[in-house]
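These notes concern the structure reproduced below.
Order of listing sets the numbers, starting from 1, for every ligand and every atom in it.
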Amino acid sequence: MTCSHQSIIQKNIEQLSQQIREAELRYSREPHSVQLLAVSKTKPIEALQAAIHAGQKSFGENYVQEGVDKIQHFKQHYSQSELEWHFIGPIQSNKTRLIAENFDWVHSVDREKIAQRLNDQREESKQNQQCAPIQVLIQVNTSGEASKSGTNHDQVFALAELINTLPNLTLRGLMSIPENVSDYASQLAAFQQLTALKAQLQALYPQVDTLSMGMSGDMQAAIEAGSTMVRIGTAIFGERDYNKK
Ligand SMILES: *Cc1c(COP(=O)(O)O)cnc(C)c1O
């Protein structure tokens with residue numbers, strides 16, 4: 001990667017951080033209540049390195065093996081507390097072990113079987129490395145589209161109840177990927193549903209403090225609605241090329 005790529009990534013991160021701070025002010029959110037998660041799927045080590053140089057510490061990955069490879073690489077250069085790894089992709093049950101052994105956060109827990117497996121496999125991985133509980137978000141399907149992963153609103157509470165009993169998982173909140181719409185009012189309405197649901201969940205589980213919502217195309221509406229973590233890929237690293245992966 002050339003120097004100019006590095007400086008573009010750095011500039012993008014600085015610009016996004018500023019946009020987030022401005023949005024917090026505009027929508028009367030607490031200063032620094034919205035965190036930037038850099039979504040680095042399909043991007044090479046060098047791109048993540050450039051982001052780290054720009055001060056970025058938390059990264060989101062969608063594909064298990066690709067994410068694990070990056071985590072293992074950066075482990076040689078940074079201590080465990082310096083970087084934070086978030087799994088944000090769909091979870092197949094035969095991939096839960098690698099997730100449990102490597103990631104700090106999982107945003108895409110959407111069924112009981114997955115929660116149970118992550119808990120049990122985190123227990124087994126305690127001997128070698130990972131002792132802290134996995135920080136867990138329940139993925140909610142706000143748009144009701146059959147094609148998208150995520151639980152229905154109705155199932156959120158049963159799943160939360162299970163997660164709350166599992167010692168190696170800490171329930172931190174909700175995540176969603178709403179239907180891709182460009183008009184602001186629809187984006188805002190979908191996010192506000194999730195904010196209301198998080199308030200209900202927080203009343204039952206006081207440690208719930210996280211709403212993972214907002215991507216490059218709908219970050220403003222997400223922050224207005226109450227997001228605490230925006231997941232940004234394209235606006236940091238540029239367009240993804242899935243063919244090169
Ligand atoms: C790819 C991805 C993102 C980032 O999307 P951009 O539009 O590139 O910002 C965020 N969240 C999830 C779950 C993703 O898969």
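Between H77 and F74, the angle of the ring planes goes over 60°, which puts this pair in the perpendicular group of the 30/60° scheme.
Ranked by closest heavy atom to atom 14 (C) of ligand 1, the top entry among K41, M215, R231 is K41.
Scanning all protein heavy atoms for the shortest distance to atom 13 (C) of ligand 1 gives I177 CD1, 3.6 Å. Given atom 9 (O) of ligand 1, the protein heavy atom at minimum distance is S216 OG, 2.5 Å. From the protein, the heavy atom lying nearest to atom 8 (O) of ligand 1 is T234 OG1, 2.5 Å.
Per-residue contacts place N62 under 4.0 angstrom from the following atoms of ligand 1 (heavy atoms of the residue considered): 14 (C), 15 (O). Near I232, meaning under 4.0 Å from any of its heavy atoms, are these atoms of ligand 1: 9 (O). The ligand atoms of ligand 1 that sit less than 4.0 angstrom from a heavy atom of I88 are 11 (N), 12 (C), 13 (C), 14 (C).
The side-chain contact (heavy atoms from CB on, under 4.5 Å) test with V109 singles out one residue from L171, I163, L169, L137, and that residue is I163.
The shortest heavy-atom distance from H107 to ligand 1 is not under 4.0 Å.
With respect to the salt-bridge test (charged N to carboxylate O, under 4.0 angstrom), the residues E123 and K126 qualify.
Remark: side-chain polar atoms of Q135 are paired, donor with acceptor, to backbone N or O of P133 under 3.5 angstrom. Between the side chain of D110 and the backbone N or O of T151, no donor-acceptor pair lies under 3.5 Å. Side-chain N or O atoms of N141 include none that pairs as donor or acceptor with a backbone N or O of G150 at under 3.5 Å.
Taking the ring centroids of W85 and F103, they lie at or beyond the 6.0 Å cut-off.
In terms of polar-atom proximity, defined here as any N/O pair under 3.5 Å, G233 does make such a contact with ligand 1.
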